[in-house]
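First up is the structure itself, then whatever we jot down about it.
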Amino acid sequence: MVDTKIIKLNLIFFMIYSVKSSPPEDPIKCSHNTNFNCTITNSYGAFPDRAICKASQAIYPSTEEELISIVANATREKRKMKIATRFSHSIPKLVCLDNDDQDGGLLISTKYLNKILRIDQEDMSITVESGVTLRQLISEAGKEGLVLPYAPYWWGLTIGGLIGTGAHGSSLWGMGSSVHDYIMQLRIVTPADASYNYAKVRILENGTSELNAVRVSLGVLGVISQVTLKLERVFKRSITLSERDDSNLGEDASTFGRQHEFADFTWYPSQRKVIYRIDDRVSASTPGNALNDFSGFRSTPSLVLAILRTTEEYQESTNDAGGKCSSAKLTTSTLKIGAYGLTNNGFTFTGYPVVGLHNRVQASGTCLDSLEDATITTCPWDHRVKGLFFHQTTFSISLSKVKGFIEDVQKLVVLEPRALCVLDLYNGILMRYVTTSNAYLGKQEDGLDFDITYYRSKDPMSLDSLKILLKR
Ligand SMILES: Cc1cc2nc3c(=O)[nH]c(=O)nc-3n(C[C@H](O)[C@H](O)[C@H](O)COP(=O)(O)OP(=O)(O)OC[C@H]3O[C@@H](n4cnc5c(N)ncnc54)[C@H](O)[C@@H]3O)c2cc1C
Ligand SMILES: *[C@@H]1O[C@H](CO)[C@@H](O)[C@H](O)[C@H]1NC(C)=O
Ligand SMILES: *[C@@H]1O[C@H](CO)[C@@H](O)[C@H](O)[C@H]1NC(C)=O
Ligand SMILES: *[C@@H]1O[C@H](CO)[C@@H](O)[C@H](O)[C@H]1NC(C)=O
C-alpha cells in the first residue's frame, strides 16, 4: 500500500478553538503567474529525498473535453505527463516527472475537475469528477440521504488520489474498507495512437479486468476523469472508544473486526495500552447527533505548533527518551480527555457511547477551512509555518499472522521500555482492517493495516531515533 495515511497528533489542539485559518497552499508553483517553469511538492513541502520536483508546464482542465484535448496534444508531442491534485497528500513522489526533465514534462491538475455530476437515488450512486474531495462527496451525498459506507478518516483527499493509491477506512464488513471496491463505473482518459486522435476515453465497468487494473494504479495508466461510486442510505453509528491494557491485543486483533463493523485500534505500545473502537450501526431512532472533528485534523495555532516542534527537536538532539515518554503520556491523555474530537451533539462530549449519523462521524478535517492567515492557525503539518514534520510507515499484515507481529513488538517494549514512546507523540499505532480486493494491486487477503507516524528531521541527512532503533 502506497498510502501515507492518518496524522495523529500531539497535545492541546482541541482546547484552542481557532477563528482564523487558511487553506493549504497550492502544491504547484509556476514562474511569474504563468503556467510554465513549475515546481510541485506535497502538502508537507517535502518528498522523501528532495523537497520539490520540476515540470515545464502545469495545466488545469475543468471539463473532460479539455482533458482529452490536453492528453491528445501531449501524446502527439511525446511529452511526459503526471497527474496532480489540489492538496497533494502522498508522501512518495508519485507525482514527479523524470528528474531534471527540461523538455516538456506536463502536470495535469484535477483542481478544477471538481464537480458532483449526478446523484442517483434509485441506484444509490454518485458520479463525480476525479478532483472532488472526500469532504465534498460526503457533504453532497449526505444532503440526499446517502453515504459511502467506509472511507479514509481525513477528508482532504481527492477521489482520483484515493482510488489511485488504494485509500481505505477500517472494516471487514460489506465490500470491505477500500473506496476503490465501491466503484460501479470509471472514466479514464488515456493516450492513444494517431488513428484515435492521440487520446481515448475508456468507460470501465465493475467486474472487468480493465477496471481491476486501473484502480490502485498510482496514476500511471491515464487520467481518471469521472467515477461512479455505490452508496447506501444514511444510517446511525454508536461509537465507544474504550481504553484497555494491551495484553490481549494479539488475540483480539484477528477477531475484533468481525465483532464490530467499524472496529479499529489505536495502540500505545510503550504505555501497554490500546484504544478499542467499539463502533456499530444502530437503529435510526437511537437518540444522538454526534460529530467527529478529530483533534489532530483541526486548525491549530501556529504558536502551539512551533512549541511542539521545538520541544521535539530538543528531545531528539539530546536523546531525551524520558522526556519523550512524558510528552507521550501528556499527548495521549490530552486526546483522551478531549474524546479525540468526538462530541455527542456537535458541541460537547458528555460520555460514551457517541451516537450520530454516519456522514457526521466517518471523516473530518476542519483545518482545510479557509479564512485567512496561515501564520495564525493552520493544518498541523503546514510547511509554511514551523509545524509538525514526520515520517509515516504503513504496512498490512494478514489476520492469520498479526498476532505474532504484535507479540514481537511487545517483546521489544520489554527489552527497551522507552524506545517506542516516540510513536505515542503522534497518537500511537493506528491499526485498521483492510480487505481482499479484485484490484490487481489491492490486498491479497484480509488484514490489519498498521500506520506509524514519527518525528522526521528537516535535515535530510540526519538519522532520527526511530530509524536508528529499526536498524538495530
Ligand atoms: C492527514 C492525512 C490523513 C490520511 N488518512 C488516510 C486514511 O485514513 N486512509 C488512507 O488510506 N489514506 C489516508 N491518507 C493517505 C492518502 O490516502 C493518500 O495520501 C492519497 O493518495 C492522497 O490523495 P490525494 O488526493 O492527495 O492525491 P495525490 O497525493 O495528489 O496523488 C496520489 C496519486 O494518485 C494519482 N492521481 C491523483 N488523481 C488522479 C486522477 N484523477 N487520475 C489518475 N491518477 C490520479 C497521482 O498522480 C498520484 O500518483 C491520509 C493522508 C493524510 C495527509
Ligand atoms: C521558462 O524557462 C525557460 C528556460 O530557462 C525560459 O526560456 C522561458 O522563458 C521560461 N518561461 C517563463 C514563462 O518564465
Ligand atoms: C491542442 O492542440 C490544438 C492544435 O494545435 C489546439 O488548437 C488546442 O487548443 C490544443 N488544446 C489544448 C488544451 O491545449
Ligand atoms: C462489482 O462486481 C463484483 C462481482 O464481480 C460484485 O461482487 C460487487 O458487488 C460489485 N461492486 C459494485 C460496487 O457494484
Side-chain angles (χ1 to χ4, degrees), residues 1-9 24 27 30-38 40 42-44 56-57 67 81-96 102 107-110 113 123 125 129-134 150-170 174-175 177-190 205-208 211-212 214-231 264 294 296-297 362-365 367-368 379-381 392 394 430 432 434 438 449 451 453:
M1 176 83 24
V2 195
D3 70 23
T4 50
K5 90 272 119 59
I6 206 154
I7 280 91
K8 319 124 219 200
L9 285 194
C30 303
S31 121
H32 307 101
N33 299 325
T34 66
N35 283 333
F36 295 95
N37 296 345
C38 307
I40 180 158
N42 57 20
S43 58
Y44 318 100
S56 70
Q57 188 183 359
L67 177 61
M81 295 169 252
K82 280 287 174 97
I83 307 133
T85 65
R86 165 65 184 88
F87 299 119
S88 193
H89 279 114
S90 294
I91 290 182
K93 32 195 272 186
L94 305 167
V95 72
C96 293
Q102 301 296 347
L107 286 175
I108 301 173
S109 170
T110 61
L113 285 173
D123 239 18
S125 68
E129 291 181 330
S130 63
V132 159
T133 60
L134 180 58
Y150 312 106
Y153 296 176
W154 160 248
W155 66 25
L157 307 169
T158 66
I159 301 304
L162 56 82
I163 285 171
T165 59
H168 57 85
S170 183
M175 292 187 287
S177 57
S178 299
V179 177
H180 59 254
D181 285 327
Y182 293 80
I183 301 174
M184 298 169 68
Q185 191 196 71
L186 172 152
R187 295 167 70 97
I188 183 168
V189 179
T190 60
E205 304 287 341
N206 179 43
T208 62
L211 181 64
N212 292 337
V214 161
R215 43 187 166 188
V216 206
S217 65
L218 305 175
V220 298
L221 296 179
V223 191
I224 297 168
S225 97
Q226 295 177 13
V227 183
T228 304
L229 292 167
K230 183 79 187 160
L231 304 178
D264 71 20
F294 179 59
F297 297 161
Q362 69 183 133
S364 72
C367 74
L368 289 181
C379 288
W381 51 87
Q392 291 183 316
T394 307
L430 179 62
R432 290 187 284 188
V434 289
N438 290 330
D449 186 80
D451 285 355
T453 304

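Atom set for the values below is all heavy atoms of this structure, side chains included, hydrogens, waters and symmetry mates excluded. Each ligand, and each atom within it, is numbered from 1 in the order the structure gives. From a predicted model like this one, the values you see are computed outputs, not experimental measurements.
- Only the side chain of Arg432 comes within 4.0 Å of ligand 1, judged by heavy-atom distances.
- In the model, Glu129 has no side-chain atom that pairs as donor or acceptor with a side-chain atom of Gln226 under 3.5 Å.
- With Tyr150 as the aromatic partner, Arg432 does not meet the cation-pi criteria of under 6.0 angstrom to the ring centre and within 45 degrees of the ring axis.
- In this pair, Phe294 and Phe297 present their aromatic rings perpendicular. The plane angle is above 60°, beyond the 30 to 60° band.
- The closest approach between any non-hydrogen atom of Ser225 and ligand 1 is not below 4.0 Å.
- Using a 4.0 Å cut-off to heavy atoms of Ser130, the atoms of ligand 1 that qualify are 41 (N).
- For the residue pair Leu211 and Asn206, the shortest heavy atom distance occurs at CD2-CA, 3.5 Å.
- For atom 1 (C) of ligand 2, a protein non-hydrogen atom is found at a distance below 4.0 Å.
- At a 4.0 Å heavy-atom cut-off, ligand 4 does not touch Asn438 at all.
- Each of the atoms 49 (O) of ligand 1 lies under 4.0 Å from some heavy atom of Leu218.
- Atom 11 (N) of ligand 2 is flagged as protein-proximal [any protein heavy atom, distance under 4.0 Å].
- For ligand 1, the atoms lying closer than 4.0 Å to a non-hydrogen atom of Gly219 are 43 (C), 44 (N).
- Annotation: side chain of Leu134 is not in contact with side chain of Val179 (no heavy-atom distance under 4.5 Å).
- For Ser88, the heavy-atom gap to ligand 1 drops under 4.0 angstrom.
- When each atom of ligand 1 is checked for a heavy atom of Trp381 under 4.0 Å away, the hits are 1 (C).
- The ligand atoms of ligand 1 that sit less than 4.0 angstrom from a heavy atom of Val223 are 42 (N).
- By the 3.5 Å distance cut-off applied to N or O atoms, Tyr182 is not counted among the residues near ligand 4.
- For the pair Phe87 and Cys379, the minimum side-chain heavy-atom distance is 4.5 Å or more.
- Those atoms of ligand 1 with a heavy atom of Ala167 less than 4.0 angstrom away are 10 (C), 11 (O), 12 (N), 17 (O).
- For the pair Phe87 and ligand 1, no heavy-atom separation below 4.0 Å is found.
- A distance of 10.0 Å separates CG of Asp181 from CD1 of Ile163, quoted to the nearest 0.5 Å.
- Shown in contact with Tyr44 at under 4.0 Å from a heavy atom are these atoms of ligand 1, numbered in order with element: 52 (C), 53 (C).
- Taking a cut-off of under 4.0 Å to the non-hydrogen atoms of Met175, the atoms of ligand 4 that pass are 8 (C), 9 (O), 11 (N), 13 (C).
- Proximity of Ile224 to ligand 1, defined as any heavy-atom pair under 4.0 Å, is shared by backbone and side chain alike.
- Among all non-hydrogen protein atoms, the one lying nearest atom 14 (O) of ligand 2 is Ser31 OG, 2.9 Å.
- Nearest non-hydrogen protein atom to atom 9 (O) of ligand 2 is Asn37 ND2, 4.8 Å.
- For ligand 1, the atoms closer than 4.0 angstrom to any heavy atom of Thr110 are 41 (N).
- Across every non-hydrogen atom of Pro152 and Ala167, the tightest pair is CG-CB, 3.7 Å.
- With atom 11 (O) of ligand 1 as the reference point, the heavy atom nearest to it among Gln226, His168, Gln392 is part of His168.
- In this structure, atom 5 (O) of ligand 2 has its sub-4.0 angstrom surroundings free of protein heavy atoms.
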